[in-house]
K.L.:
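Have a look at this one before I ask anything.
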Amino acid sequence: MPVTTQAYAAFSPDQPLSSWTFERRAPRADDVSIDILYCGVCHSDLHFARDDWGFSSYPVVPGHEIVGRVTSVGSDVSHYQVGDVVGVGCMVDSCRHCSACHDGLEQYCQEGFTMTYGSPDRHDQSLTQGGYSRHVVVSERFVVRMPEGIDLQGAAPILCAGITTYSPLRHHGVGPGHKVGVIGMGGLGHMGVKLARALGAEVTLFTRSEGKREEALAQGADHVVISTDEAQMEAVAGRFDFMLDTIPVQHDLNPYLNALGHDGTHILVGLLEPIDPPINAANLLMKRRVVAGSLIGGMAETQEVLEFCAKHDIACDVEMIKIDQINEAFERMEKGDVKYRFVIDMQASSPA
Ligand SMILES: [Zn+2]
Ligand SMILES: [Zn+2]
């Protein structure tokens with residue numbers, strides 16, 4: 001039976017989100033049904049609600065940092081039981097048979113993964129809808145288990161912001177002895193600082209404002225460099241092994257490339273646009289430097305980052321809100337006025 005659920009949805013790019021009641025698809029044999037406890041508010045939610053990328057469909061219920069409790073399982077479900085506390089991140093399906101899916105890299109599925117909201121379902125073509133809602137129905141293959149004892153509110157953003165920064169750090173083998181620069185101190189950046197530090201690296205935060213120095217140090221950064229200060233940037237030339245670049249808007253990469261040593265790697269995780277101003281290729285050739293990109297992480301690695309965060313007592317710093325505060329939260333996010341993630345308490349909210 002389809003489940004009627006209450007939610008908040010965007011109905012057009014220029015209207016605030018408002019309450020909406022809709023039907024989740026009837027659960028299939030491999031599905032788990034989840035009562036949502038918490039849902040993080042990601043910048044992507046805002047971009048999608050406002051059609052900033054030009055491929056939004058309406059109405060859309062955003063939200064892809066979902067933590068909830070399993071309320072029922074289909075006949076083929078083997079990993080989860082009623083009562084389990086689970087997470088759902090940015091993906092709810094993929095082709096499941098291409099080489100990327102086979103390698104546990106569903107985010108790079110050759111057919112494209114199914115997004116948690118705003119994607120056509122692979123079976124019935126209905127549009128997927130996200131976590132700003134009471135319930136969600138997801139195949140168990142795209143569900144993760146929340147580790148015992150983890151702070152569920154602070155863990156919700158690990159499902160997007162955490163895995164997005166953890167995956168490239170792991171892929172590139174970041175560990176003790178490495179010097180890592182984290183560029184930007186938002187939701188992604190502050191997780192990048194904590195994770196790189198826990199992996200054993202020496203971490204330097206690059207930020208434009210002197211005002212973020214103290215909080216960066218409090219988050220675990222060993223050093224802070226003010227990126228707008230040319231003297232400070234020049235003083236760190238050739239110092240770093242990796243740059244984790246979380247900036248979501250166009251910016252000049254050249255000064256950061258200059259801060260990498262030979263064979264250094266600049267990893268983009270926030271930018272989805274052409275690099276502008278252009279990279280001076282001499283900055284690559286002269287020191288065999290690499291510019292790389294990375295997108296979220298696969299399901300197995302998402303489970304791994306949750307275990308890693310539980311073990312190292314890492315959580316996202318969050319500000320809890322109720323669902324009817326979501327439009328205000330979007331406005332504050334646009335101004336950078338959040339430390340560092342809003343998380344909606346769905347149980348405390350009355351969406352309709
Ligand atoms: Zn996200
Ligand atoms: Zn695939």
Side-chain angles (χ1 to χ4, degrees), residues 10 17 30 36 38-50 52-53 55-56 60-67 87-123 128-133 136 138-139 141-142 144 154-168 184 186-192 195 244 246-249 268-272 293-302 305-306 309 316-318 326 329-330 333-334 336 338 340-344:
L17 271 62
D30 66 332
I36 299 177
Y38 305 112
C39 185
V41 181
C42 174
H43 270 270
S44 307
D45 300 349
L46 175 66
H47 289 305
F48 202 93
R50 299 192 177 164
D52 289 340
W53 295 321
F55 58 83
S56 299
V60 60
V61 177
H64 60 204
E65 296 177 346
I66 302 167
V67 172
V88 178
C90 304
M91 304 184 280
V92 289
D93 208 352
S94 68
C95 86
R96 308 188 189 195
H97 54 69
C98 74
S99 61
C101 288
H102 187 262
D103 290 346
L105 298 168
E106 298 89 352
Q107 75 274 33
Y108 305 127
C109 174
Q110 286 173 21
E111 294 182 11
F113 66 85
T114 304
M115 299 186 300
T116 299
Y117 56 84
S119 273
D121 178 88
R122 292 183 120 82
H123 302 267
T128 57
Q129 301 290 1
Y132 296 3
S133 62
V136 67
V138 184
S139 164
R141 173 88 159 67
F142 287 82
V144 288
I158 295 169
L159 295 159
C160 175
I163 184 62
T164 296
T165 48
Y166 180 80
S167 182
L188 291 175
H190 97 289
M191 287 304 289
L195 291 165
L244 183 66
T246 71
I247 306 292
V249 294
L268 296 164
V269 294
L271 188 69
L272 282 166
S294 185
L295 182 74
I296 48 176
M299 295 314 300
E301 199 169 49
T302 304
V305 68
L306 288 165
C309 288
C316 190
D317 293 21
V318 300
I326 187 63
F330 273 9
M333 256 165 61
E334 278 195 301
V338 54
Y340 291 90
R341 234 356 174 230
F342 290 111
V343 171
I344 307 166

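Whatever order the structure lists ligands and atoms in, that order sets their numbers, starting from 1. Since this is a predicted model, take the numbers as computed values, not measurements.
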K.L.:
Looking only at the side chains, is there a donor atom on one of R122 and S139 sitting less than 3.5 Å from an acceptor on the other?
P.N.:
no
K.L.:
If I take every N, O or S atom of H97, is at least one of them less than 2.8 Å from the Zn ion (ligand 2)?
P.N.:
no
K.L.:
To 10 degrees, how wide is the angle NE2 (H64) to the Zn ion (ligand 1) to SG (C42)?
P.N.:
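NE2 of H64, the Zn ion (ligand 1) and SG of C42 span an angle of about 110°.
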K.L.:
Tell me the closest heavy-atom pair linking Q110 and S99, and the distance in Å.
P.N.:
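Closest pair (atom of Q110, atom of S99, distance): NE2-OG, 3.0 Å.
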K.L.:
Tell me whether C90 has at least one N, O or S atom under 2.8 Å from the Zn ion (ligand 1).
P.N.:
no
K.L.:
The Zn ion (ligand 2) and C98: any N/O/S contact shorter than 2.8 Å?
P.N.:
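Looking at C98, which is the residue asked about, there is an N, O or S atom under 2.8 Å from the Zn ion (ligand 2).
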K.L.:
Under 30°, 30 to 60°, or over 60°: which ring-plane class applies to F48 and F55, parallel, tilted or perpendicular?
P.N.:
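It falls in the perpendicular class, over 60°.
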K.L.:
T165 and M191: which non-hydrogen atoms are nearest, and at how many Å?
P.N.:
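In terms of heavy atoms, the two residues are closest at OG1-CB, 3.9 Å.
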K.L.:
We want to know whether Y117 and D45 form a side-chain donor-acceptor pair, criterion being a heavy-atom distance below 3.5 angstrom.
P.N.:
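Present: a donor and an acceptor within the cut-off.
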K.L.:
At the Zn ion (ligand 2), what is the angle formed between atom SG of C109 and atom SG of C101, rounded to the nearest 10°?
P.N.:
110°
